[in-house]
Amino acid sequence: MADRITLTKSDRMSVALRSTFLQGSWNYERMQNGGWCYAMIPAIKRLYKTEEDRIAALKRHLEFFNTHPYVASPILGVTLALEEEKANGATVEDSAINGVKVGMMGPIAGVGDPVFWFTVRPILGALGASLAMTGNILGPILFFVLWNIIRFGFMWYTQEFGYKVGTEITKDLSGGLLGKITKGASILGMFVLGALVDRWVSVSFTPVVSKVTLAEGAYIDWASITGDAAGIQNAITQYASGLALTPEKVTTLQDNLNTLIPGFAGLILTLICCKLLKKNVSPIMIIVALFVIGIVFHVIGLM
């Protein structure tokens, strides 16, 4: 009896690294099939020794395939397990391998968007942007490093999980697991985005609502402030104690809105944009519209 052919950890790592380029040859006919086949090459070389078997395997994996590029990894793992069984003499038809791929790629694709695009990336983006806004070069570097560590860590772990579990993974995914993961990730993503609205979305209405002349002693008397260090310290002390900078208090529409509900205008703008996106309005059109509206409102003195 011939020795069993087994994929080494190095083979599986090569597949995982190649799967990073899953969309490298994306096409309208079979979509990610080229990238998928490219990722499978190290395994095919290990499992099949004759040219005919390798050609047949390559053709088998050039069929239609399309899913979220990161959650394709568990499907890759299951496929590796099936190919290993087939190479060792098990009765595994080509149609069975393609059937598992097609059967998994649809439901599992729904996990990728809420987990990566709506949860992980906004959190890391907020962290990197916060540092970058203070002039810290670590902002973009931290985003790039953490994103790729999380991305590839997830891809490697789930590929190994799929490989070890094999076809049993289809039983796990056929239940409510995907729905629970998707729902939980969506809730977390919306919570994070909601918390970031007040930080990222800035709307300021400039129309003046009222002007009130303050009594003497309620504002800093700049005529009595000297220009030396002691005078500057005195002015800062008076301002910290609650004195106004000018003898006239101006209240704008935005001041009133901030008194009632801070960040309310930004929240409304965000909800409007979300509603437009839900109606399949192009994000580019929304961005252009925001630019135009912002310029017009500034010209007329509303913002």
Side-chain angles (χ1 to χ4, degrees), residues 7-27 31-43 61 65-81 100-101 104-133 136-165 169-170 172-173 177-193 195-196 200 277 283:
L7 292 171
T8 65
K9 187 174 182 179
S10 176
D11 296 329
R12 302 195 301 273
M13 178 61 74
S14 296
V15 172
L17 290 172
R18 284 171 172 249
S19 68
T20 301
F21 307 101
L22 186 65
Q23 301 195 111
S25 61
W26 194 96
N27 60 89
M31 298 192 175
Q32 296 172 336
N33 71 319
W36 176 277
C37 186
Y38 174 73
M40 290 294 298
I41 288 176
H61 292 293
F65 184 81
N66 188 53
T67 190
H68 190 283
Y70 300 160
V71 298
S73 297
I75 310 176
L76 268 172
V78 174
T79 305
L80 291 175
V100 169
K101 288 165 53 180
M104 292 180 65
M105 72 182 187
I108 206 172
V111 177
D113 284 344
V115 171
F116 287 98
W117 303 155
F118 302 151
T119 303
V120 178
R121 190 162 66 174
I123 292 175
L124 296 181
L127 176 61
S130 299
L131 292 174
M133 290 175 66
N136 194 330
I137 189 62
L138 286 178
I141 295 175
L142 192 65
F143 172 80
F144 178 81
V145 172
L146 290 180
W147 170 257
N148 282 286
I149 289 176
I150 294 172
R151 175 188 65 84
F152 190 77
F154 174 86
M155 293 170 65
W156 169 247
Y157 173 79
T158 54
Q159 179 183 294
E160 286 292 281
F161 174 74
Y163 173 72
K164 293 175 182 178
V165 177
I169 193 176
T170 57
D172 295 333
L173 297 180
L177 180 60
L178 278 180
K180 293 177 181 178
I181 293 175
T182 303
K183 183 178 179 180
S186 298
I187 293 174
L188 178 59
M190 293 302 102
F191 176 80
V192 172
L193 290 178
L196 293 175
W200 283 3
L277 289 172

Measuring only between side-chain heavy atoms, which start at C-beta, is [X] closer than 4.5 Å to [Y]?
| X | Y | result |
| --- | --- | --- |
| L22 | Y38 | no |
| M155 | L76 | no |
| T79 | W36 | yes |
| F161 | V165 | yes |
| W147 | V120 | yes |
| T20 | R151 | yes |
| F154 | V71 | yes |
| R121 | F116 | no |

Spatial distance of atom [atom1] ([X]) from atom [atom2] ([Y]) [nearest 0.5 Å]:
| X | Y | atom1 | atom2 | value |
| --- | --- | --- | --- | --- |
| L17 | W156 | CG | CH2 | 8.5 Å |
| T8 | M13 | OG1 | CE | 10.5 Å |
| I137 | L142 | CD1 | CG | 11.5 Å |
| W117 | H68 | CH2 | NE2 | 4.5 Å |
| M40 | R18 | CE | CZ | 11.5 Å |
| W26 | Q32 | CH2 | CD | 8.5 Å |

request  = Output, in order, the C-alpha distance, side-chain angles, deciding distance and verdict of side-chain contact (heavy atoms from CB on, under 4.5 Å) for V115 and Y70.
outcome  = CA-CA 10 Å; V115 171; Y70 300 160; over 6 Å; no

Donor-acceptor contact below 3.5 Å, side chain [X] vs main chain [Y]:
| X | Y | result |
| --- | --- | --- |
| N136 | A132 | no |
| N27 | S25 | yes |
| T67 | M105 | yes |

Closest non-hydrogen atom pair between [X] and [Y], with its separation:
| X | Y | result |
| --- | --- | --- |
| V15 | A39 | CG2-O, 3.3 Å |
| T158 | S73 | OG1-CB, 3.3 Å |
| A81 | Y163 | CB-O, 3.6 Å |
| H61 | C37 | O-CB, 3.6 Å |

For this session: Show your reasoning for whether side chain to side chain donor-acceptor pair (under 3.5 Å) applies to S14 and D11.
Result: CA-CA 5 Å; S14 296; D11 296 329; 5.6 Å; no

